[in-house]
Number of protein chains: 2
Amino acid sequence: MTHDQIFKALADPTRRTIFERLATSGHNASELREGLSISQPAMSQHLAVLRAAGLVREQRQGRFVNYEVDPDGLASIGEWLAKYRAYWPARIDDLKTLLKDMDQ
Amino acid sequence: MTHDQIFKALADPTRRTIFERLATSGHNASELREGLSISQPAMSQHLAVLRAAGLVREQRQGRFVNYEVDPDGLASIGEWLAKYRAYWPARIDDLKTLLKDMDQ
DNA sequence: CAATGAAATAAGTCCGTGCTTATGTATCTG
DNA sequence: CAGATACATAAGCACGGACTTATTTCATTG
């Protein structure tokens, strides 16, 4: 769950698509393949990378394995980003507004 | 300046080191090489990737080219991250505190 | 206008990684 | 227990990208 693993995991467009799909709701590996023209092993490998990075976590349910976003990975990016917030003072207000919206 | 370029740029540990060094203060390409055991062209190529991603911007000063953090790239990560903030409600307060601290 | 020095580009090599097919493991069901 | 289904692992291939050395571009300075 290092920053290296996280950024490498998100550097692949297919994995970002998977991750963004999981952000909507949890899915098992087969469901995640729908629309993406990749083999079953390819999906399994992508999920392994995302899991190792702490971006996604699994939950076995019988024959299926349900995947969902792992908040830890996101928080880790947030912490990395926080170190450089000094560089976007002009946008802080936007972010504040966004956080306020999310409170409701 | 797509998310793809940004994440790919930050996926390389050498480029993250360069970026983090620039976050401290601006440097020219030669200064950035100090400590890193890579060739001059390698640094030039890394800077080109970071620049294309919008993470860094250049400013020619005579024979030297000074590089500094470009807030646009960081803001772009922030926006990407914001889409998934729903997944770390427990940490929103921490972030708020951080933003409040930065106001002063 | 040489000569020097900083940085970018060219060209080529090597390794990591994302893909594939084939096979193995795990769980449910008849 | 046999078969089917979901997923993981193995092994190999092919391409991208991070490096290198060599060369070019650009600006300064004698």
Side-chain angles (χ1 to χ4, degrees), chain A residues 1-22 25-70 73, chain B residues 1-22 24-70 73 77:
Chain A
M1 234 210 67
T2 64
H3 287 145
D4 195 68
Q5 286 176 302
I6 291 176
F7 283 118
K8 278 194 166 77
L10 292 174
D12 183 80
T14 304
R15 279 195 293 267
R16 278 202 310 283
T17 299
I18 295 169
F19 181 80
E20 285 164 17
R21 195 171 291 186
L22 286 176
S25 77
H27 291 288
N28 61 49
S30 298
E31 286 169 353
L32 285 171
R33 279 187 65 203
E34 291 167 15
L36 301 178
S37 50
I38 58 171
S39 64
Q40 175 267 315
M43 175 57 73
S44 186
Q45 287 158 18
H46 280 311
L47 288 169
V49 172
L50 288 168
R51 190 172 354 104
L55 286 163
V56 146
R57 59 189 175 196
E58 66 177 36
Q59 197 173 359
R60 184 166 267 277
Q61 286 175 352
R63 263 188 313 199
F64 299 83
V65 178
N66 203 272
Y67 283 90
E68 61 184 13
V69 168
D70 185 340
Chain B
M1 236 210 67
T2 64
H3 287 145
D4 195 67
Q5 285 176 301
I6 291 176
F7 282 117
K8 279 195 166 76
L10 292 175
D12 183 79
T14 303
R15 279 195 292 268
R16 277 201 311 283
T17 299
I18 295 169
F19 181 81
E20 286 164 17
R21 195 171 290 185
L22 285 176
T24 307
S25 78
H27 291 288
N28 62 49
S30 299
E31 287 169 355
L32 284 170
R33 278 187 64 203
E34 292 167 14
L36 301 178
S37 49
I38 57 171
S39 64
Q40 176 267 313
M43 174 57 75
S44 186
Q45 287 159 17
H46 280 311
L47 288 169
V49 172
L50 288 168
R51 188 169 1 100
L55 286 163
V56 145
R57 58 189 176 196
E58 68 178 32
Q59 197 173 0
R60 187 167 264 277
Q61 285 176 350
R63 264 190 312 205
F64 298 83
V65 179
N66 203 270
Y67 283 90
E68 60 184 14
V69 167
D70 186 340
I77 307 177

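Scope of the values below: all heavy atoms of this structure, side chains included, with no hydrogens, waters or symmetry mates. Proteins get letters first, then strands, A, B, ... in listed order; numbering begins at 1 in each.
A donor-acceptor contact shorter than 3.5 Å is absent between the side chain of B:R15 and the backbone of B:T17.
At the phosphate of D:dA22, neither OP1 nor OP2 sits under 4.0 Å from any side-chain N or O atom of B:S39.
As rounded to whole Å, 17 Å separates atom P of C:dT4 from atom CZ of B:F64. The interatomic distance linking A:L32 (CG) with D:dA8 (P) rounds to 11 Å, in whole Å. The distance from atom CE of B:M43 to atom P of D:dT20 is 11 Å, rounded to the nearest whole Å. Rounded to an integer number of Å, the gap from B:I18 CD1 to D:dA18 P is 11 Å. Spacing between atom CG of B:L47 and atom C1' of C:dA7 amounts to 10 Å, rounded to whole angstrom units. Between A:Q5 atom CD and C:dG16 atom P the separation is 16 Å, expressed in whole Å.
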Please list, pair by pair, any protein nitrogen or oxygen found under 3.5 Å from a nitrogen or oxygen in nucleotides 24-26 of chain C.
none

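Defined by atom type and a distance below 3.5 Å, a donor-acceptor pair is missing between the side-chain atoms of A:S44 and A:H46.
A:N66 approaches A:N28 most closely through the heavy-atom pair ND2-N, 3.9 Å. The shortest non-hydrogen separation linking A:L55 to A:I6 is CD1-O, 4.1 Å. A:L36 approaches A:M43 most closely through the heavy-atom pair CD1-CE, 4.0 Å.
Electrostatic pairing of A:R16 and A:D12 does not count as a salt bridge here, judged by no charged N lying under 4.0 Å from a carboxylate O. The pair B:R51-B:D70 does not count as a salt bridge, with every side-chain nitrogen at least 4.0 angstrom from each carboxylate oxygen.
Side chain A:Q40 to base D:dA8: a donor-acceptor pair is found below 3.5 Å.
Nearest-nucleotide positions on DNA chain C for A:Q61 and A:P41 put A:P41 closer to the 5' end.
Residue A:R33 is classed as having no contact, given no heavy-atom separation below 4.0 Å to the nucleic acid. Residue contacts for B:A42: at a heavy-atom cut-off of 4.0 Å it reaches a base atom on one of the strands shown.
For B:H46, the listed nucleotide lying nearest its side chain is D:dA18; candidates were D:dA18, C:dA7, C:dT20.
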